[in-house]
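Report on the structure given below.
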Amino acid sequence: MASYFGPQEPAPIVTLERYFLATDYVSGIGYGAQGVLYFICARYLWFQRKTRRTSAFALAYITLLLLVSSVAQVAQAHRTQLVFVENRNFPGGAWVYYEQSLGGTVSMIGLAANMGLLSFTEVFMIWRCWVVWFSVGRHVARLVIVLPVLMLITAVTTGILFLFTLAHPASHIVVTTLIVARLIAYRRRVQRTLNSAHGNAYTSLITIIIESAAPYSIICLACLITYGVGSPVNTPFVSASIAAQQISGYLLIARIAHGQTWQKDPSTHHGVEVKLKASASSDSQLGSGRQYSSTAKPMGYE
């Protein structure tokens with residue numbers, strides 16, 4: 001009979017340890033993707049810094065994200081080393097040591113870095129939501145973002161990991177829903193006014209996915225579901241959600257740098273300014289007899 005050299009802990013604890021280790025791989029893949037996207041975005045923003053006033057700010061923003069993400073990644077790697085190498089013989093196993101060391105310096109640094117990343121990116125997405133709704137009216141845009149802002153403030157001010165883990169994904173799902181709703185509504189209005197080609201420019205699958213940061217919201221939903229049912233799969237999903245949020249932000253900034261994203265004035269997209277002019281009789285005929293013209297105009301972002 002072959003000798004057994006496996007862990008002595010109960011099977012559920014061993015399962016938790018496996019998923020905890022998988023979290024490192026997921027985190028590393030996400031960090032690598034962020035690094036690639038950072039250099040792509042930084043290249044465009046660097047050359048635009050003198051011609052677009054917000055390029056320098058966007059460059060500083062993504063640089064801050066990369067630095068904080070690097071701190072979180074180093075803390076994650078060091079914590080894994082402490083759990084599985086330095087304290088491999090801890091009574092009860094690696095998972096017990098992990099739970100008892102959550103208040104340690106390394107864990108707190110990683111937690112602070114991840115909370116900072118989530119907060120920075122969520123503020124950015126709330127701003128994007130405001131931009132998307134601004135064309136309806138300044139007051140409407142402010143009203144729309146009230147709920148996400150309150151949810152984010154509540155999560156940050158409490159400083160409690162449990163509340164932050166639940167409130168932050170919920171806030172982002174709300175923001176995503178608001179952005180998607182606005183994009184679809186605007187598409188229908190443009191299609192009624194012009195034609196389907198103009199409407200599709202605003203709500204193609206790629207546009208909706210990037211503008212609304214949908215991948216992150218989908219992973220957030222998976223996090224909430226797995227957490228609710230008590231599945232250990234929740235651990236790598238949390239790591240994936242942090243990476244997905246950063247990647248979604250980089251993709252959106254890349255579209256901004258290319259001048260392909262939504263502006264406060266949605267009549268200007270993809271290098272074309274669409275001007276809608278109604279004849280004098282159209283006011284009394286429910287919009288009939290409208291005349292349309294389009295003029296070329298360089299695309300920028302505010």
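Here the structure is a predicted model, which means the values were calculated and not measured.
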Requested in this report: Tell me, with the steps shown, if Leu118 and Thr121 meet side-chain contact (heavy atoms from CB on, under 4.5 Å).
Outcome: CA-CA 5 Å; Leu118 294 173; Thr121 312; over 6 Å; no
Report task. Please test Val71 against Leu67 for side-chain contact (heavy atoms from CB on, under 4.5 Å), starting from the C-alpha separation and ending with a verdict. Result -> CA-CA 6 Å; Val71 171; Leu67 291 175; 5.9 Å; no
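- Proximity of Trp95 to Glu9: side-chain heavy atoms (C-beta onward) are nowhere separated by under 4.5 Å.
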Query - Worked verdict on Thr63 versus Tyr38 for side-chain contact (heavy atoms from CB on, under 4.5 Å) - result: CA-CA 8 Å; Thr63 301; Tyr38 169 81; 2.9 Å; yes
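- Hydrophobic clustering (ILVMFWY, side-chain heavy atoms < 4.5 Å, transitive): Leu45 and Leu251 are in one cluster.
- Pairing each heavy atom of Trp130 with each of Ala141, the nearest pair is CD1-CB, 3.4 Å.
- Taking the six-membered ring for Trp and thresholds of 30 and 60 degrees, Phe20 and Tyr98 have ring planes inclined between 30 and 60 degrees apart.
- The hydrophobic cluster containing Leu65 also contains Phe39, counting ILVMFWY residues as joined when their side-chain heavy atoms lie under 4.5 angstrom apart, directly or transitively.
- The side-chain heavy atoms of Ser101 and Leu82, taken from C-beta on, include no pair separated by under 4.5 Å.
- Partner of Gln76 under the side-chain hydrogen bond (donor to acceptor under 3.5 Å, both in side chains) criterion, chosen from His78, Arg79, Gln73: Arg79.
- Distance alone, capped at 3.5 Å, is enough to place a donor-acceptor pair between the Trp133 side chain and the Leu178 backbone.
- By the rule that hydrophobic residues join a cluster once side-chain heavy atoms approach within less than 4.5 Å of another member, Leu252 and Ile218 end up as members of separate clusters.
- Under a 3.5 Å cut-off, the side chain of Ser69 and the backbone N or O of Leu66 do not form any donor-acceptor pair.
- Scored by the side chain to side chain contact (heavy atoms under 4.5 Å, CB included) test, Phe90 finds Asn87, Val96, Tyr97, Gln100 as partners (sequence neighbours excluded).
- Residue Val26 is not grouped with residue Ile242 when hydrophobic side chains (ILVMFWY) are merged at heavy-atom distances under 4.5 angstrom, including chains of intermediate members.
- Between Tyr31 and Gln246, the closest side-chain pair of non-hydrogen atoms is not below 4.5 Å.
- A donor-acceptor pair under 3.5 Å is formed between the side chain of Asn234 and the backbone N or O of Cys223.
- Summarising the geometry of Val175 relative to Ile126, their closest heavy-atom pair is CG2-CG1, 4.0 Å, with the distance given to 0.1 Å.
- Residue Phe120 is grouped with residue Trp127 when hydrophobic side chains (ILVMFWY) are merged at heavy-atom distances under 4.5 angstrom, including chains of intermediate members.
- In this structure, the side chains of Leu111 and Met115 come closer than 4.5 Å at one or more pairs of heavy atoms.
- You'll find the side chain of Met125 stays beyond 4.5 Å of the side chain of Gln245, heavy atoms only.
- Considering only residues two or more places apart in sequence or on other chains, Ala94 meets the side chain to side chain contact (heavy atoms under 4.5 Å, CB included) condition with Glu17, Val83, Phe84.
- Remark: the backbone N or O of Tyr227 is not paired with any side-chain donor or acceptor of Ser231 at under 3.5 angstrom.
- Residue pairs meeting the ring pair (Phe, Tyr, Trp, His ring centres under 6.0 Å) criterion with at least one partner in residues 40-69, sequence neighbours excluded, are Tyr44-His258, Tyr61-Phe124.
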